Protein chains: 2
Amino acid sequence: MARTRGVTIKDVARRAGVSITAVSHALNDKGTLSAATRAHIRTVADEMGYEADALARGLRRSTMGAVGLVLRSLDALGDYAPAGVDVFERFVGACASQALARGLSLMLVPDLTRAPVPPLAFSLDGYIVTNPHVDDPVVARLEERGIPYVTYGRPPGRPDFTHWASEDDRASARLVLSHLEGAGARSVALVRGTDPNSWNLEHQETYLGWCTEHRRAPRLYELPERAGVEGGAALAGRLVDDGLPDAVFCLTGRHAAGVQRGLLARGVRVPEETMVVTGSDSEHARNSRPAVSALELNPVDSSAALLDILQSLIAGRPADAPRLTQARFRPRASTRR
Amino acid sequence: MARTRGVTIKDVARRAGVSITAVSHALNDKGTLSAATRAHIRTVADEMGYEADALARGLRRSTMGAVGLVLRSLDALGDYAPAGVDVFERFVGACASQALARGLSLMLVPDLTRAPVPPLAFSLDGYIVTNPHVDDPVVARLEERGIPYVTYGRPPGRPDFTHWASEDDRASARLVLSHLEGAGARSVALVRGTDPNSWNLEHQETYLGWCTEHRRAPRLYELPERAGVEGGAALAGRLVDDGLPDAVFCLTGRHAAGVQRGLLARGVRVPEETMVVTGSDSEHARNSRPAVSALELNPVDSSAALLDILQSLIAGRPADAPRLTQARFRPRASTRR
DNA sequence: GTACGAACGTAAAACGTTTTATGCAATGCT
DNA sequence: AGCATTGCATAAAACGTTTTACGTTCGTAC
């Protein structure tokens, strides 16, 4: 309420016996001031604990020292904040450390296209966007405003755009498929999400390619990300009806947990009759019985690369090349035969 | 770079054929305008997609629509953004959903007392501070500036301060101790962190009280939070030298994982000779062999309560009462006899 | 008819910076 | 002596809002 605005540039100027301009110049290493006054002003400013007001400054310059993070999962998941550390939660943590290490603040921002856009949203210096969709409206708004951004996951259908870092989805998919092959699976069903992001698209593409190579009939299922465990359990019915595959590869951890639960409930033995794997490790996958084999993604490496790129963009420098990180496969009981 | 500032209030005024003041008043339901002009201005503004610039607005009003989150673990852990700080990562996620649901953005802010304070830090509407210390300097700076704040974990030594939500640390401690008692443990060592926050202090107090009640000699160890798994492993040596207790209760998950690893490395059988428990579940605890029994905290409930309180404070309304949430005990192999 | 409120609008100050454009000595050069 | 140059410092404009204080115009009561 009675917010005591800190000491202003005017206060410093008065105390140091100089003009406001002089203070600004002294503190920002601009203008033509004698070394002596510069030093004097700095001393006074320090004594008074002066810190420039970010809002006033931002109004003139156009850099705020803060970047936004649009976290798709927050919108998709709503209130759901599961026990355990999934990709996105780890990603947030990693982005935060990386940003702070660079003297930037990180602001969590909801979908930029929905009703009440948070006031500061368009005043931030740049954005990190997770898993952009095809023709992503969030990305569109940022471009419209000329705000620099980087993406975690390549924006689909934009081969020209290079400001991204990503998991190596194609490599991940092959890792899983070859593990299943090794465990004896001949028919593998893929359960992907419905968001048209490169995560879903590249996995699907690799899966279909692999089916062609190995002359297997592809069995592709789509399940909305938000359907969660329940959706997975329901899907198990369709899997059974369509004829049980040797293995089910679910891109999201919650779907995998649900599918496995649904299969077990229908009397299907896992992993004996059908194996289950997920492309994104999660608490649900780990806590299921049997524990679900999973790819462990590496959002930490990606976040560092992303902030490097973003900082370059903000400074108007040429940016680094995109970067792929490799996932590790965690075999667990659900694929152990 | 060439940031295209969106459409300004001036543009709207010109287009609607009215003064700037009229636009401001129309859009904020102030002043004395006829219903007709008000409506007209609103229409024009909508058409043009006008949105007030948050910086300019914040300069006059004092509310930004954004709150800060000071995450102690970020500072303590530095670049380390591991699976293993579960509570805090879940807490961030939960705060973010809660904030967004209320139309607030959430800004992650590092320690407010260190060198480069992020520019926006003191322009935010309010703060959530995790685990404040005794005489916490972060809290001091906020009070100095008159910025409202709430804390996750009670600020130690401030019985008057009621704007907090917390895990019920005393109940948690008793839950663990009675479980160990039930599993046959007679001598229990407590390994706490060194931060003087209520998490450490209340657990210690409860532990000591329990020792007195049960006429057991207390065995108290302090290990810096940042010592992590390595620190825990090193501590195992001291535990052995001092005479093996029946059980070790580590407040942090990484310490527990380390202690267990150190014990096993020294040939101590867990749980047969000595049991291990942690007061804060984490990836490390879950992934250890044997898996470490843990308290599963509930940051989600707390975050909701905190945002309620914070919103009241910002609005200048009286705030809700503090709130305690209960942890669940997750018995695992490390205490199974 | 003059005075007085309403009812409706607007001009201008303010918020705290940065930046642009000037001012004024003192110095250097013909 | 006269004129450009340099070195130092400042006044004032600008950023995009909100808010305060001030006009109008009109109808109504005296």
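Below, chain A is the first sequence line, B the second, and so on; all start at residue 1. All of these numbers come straight from a predicted model, not from anything done at the bench.
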**Q** Check this one for me: any side-chain N or O of B:T8 less than 4.0 Å away from OP1 or OP2 of D:dG16?
**A** no
**Q** Go through D:dC15, D:dT17, C:dT17 for me and flag the one nearest to the A:L59 side chain.
**A** D:dC15
**Q** Could you tell me whether the side chain of B:D136 and the main chain of B:H133 form a donor-acceptor pair under 3.5 Å?
**A** yes
**Q** Are the side chain of B:S24 and the backbone N or O of B:T21 linked by a donor-acceptor pair below 3.5 Å?
**A** no
**Q** Respond yes when some side-chain nitrogen or oxygen of A:K30 is under 4.0 Å from OP1 or OP2 of C:dT18, and no when none is.
**A** no
**Q** Strictly distance-based, threshold 3.5 Å: is any side-chain N or O of A:S105 a donor or acceptor partner for the main-chain N or O of A:A66?
**A** no
**Q** A:D29 CG to C:dT19 C1': how many Å, rounded?
**A** 16 Å
**Q** Would you check if the side chain of A:R42 reaches a backbone N or O of A:A26 as a donor-acceptor pair within less than 3.5 Å?
**A** yes
**Q** Give me each pair satisfying side chain to side chain donor-acceptor pair (under 3.5 Å) with a member in residues 311-322 of chain B, each pair once, sequence neighbours excluded.
**A** B:R102-B:Q311
**Q** Taking only residues two or more places apart in sequence or in another chain, which ones pass salt bridge (charged side-chain N to carboxylate O under 4.0 Å, His left out) with B:R323?
**A** none
**Q** Distances for protein N/O vs nucleotides 7-13 of chain C N/O pairs under 3.5 angstrom?
**A**
from, atom 1, to, atom 2, distance (Å)
C:dG9, OP2, B:S34, N, 2.9
C:dG9, OP2, B:T37, OG1, 2.9
C:dT10, OP2, B:S19, N, 3.2
C:dT10, OP2, B:S19, OG, 3.1
C:dA11, N7, B:T21, OG1, 3.3
C:dA11, N6, B:T21, OG1, 3.1
C:dA12, N6, B:T21, OG1, 3.4

**Q** Atom CZ of B:F122 and atom C1' of C:dT17: how far apart are they, to the nearest Å?
**A** 18 Å
**Q** Axis-to-axis angle across the helix from C:dG1-D:dC30 to C:dT30-D:dA1, five pairs an end, to 10 degrees?
**A** 70°
**Q** Rounded to whole Å, please give me the gap between CG in A:D53 and P in C:dA14.
**A** 18 Å
**Q** What residues form a salt bridge (charged side-chain N to carboxylate O under 4.0 Å, His left out) with A:D301, not counting sequence neighbours?
**A** none
**Q** Calculate the interatomic distance between A:D11 atom CG and C:dT17 atom C1'; express it in whole Å.
**A** 13 Å
**Q** Could you pull out all residues at least two apart from B:R15 that satisfy salt bridge (charged side-chain N to carboxylate O under 4.0 Å, His left out)?
**A** none
**Q** Grab the CG-C1' distance between A:L55 and D:dC15 for me, whole Å please.
**A** 12 Å
**Q** Tell me: CZ of B:R57 to P of C:dG16, nearest whole Å?
**A** 18 Å
**Q** Just the rounded figure in Å: distance from P of C:dT19 to CD1 of A:I9.
**A** 11 Å
**Q** D:dG16 P sits how many Å from B:L27 CG, rounded?
**A** 17 Å
**Q** Has B:T325 got a side-chain atom pairing as donor or acceptor with B:P299's backbone, closer than 3.5 angstrom?
**A** no
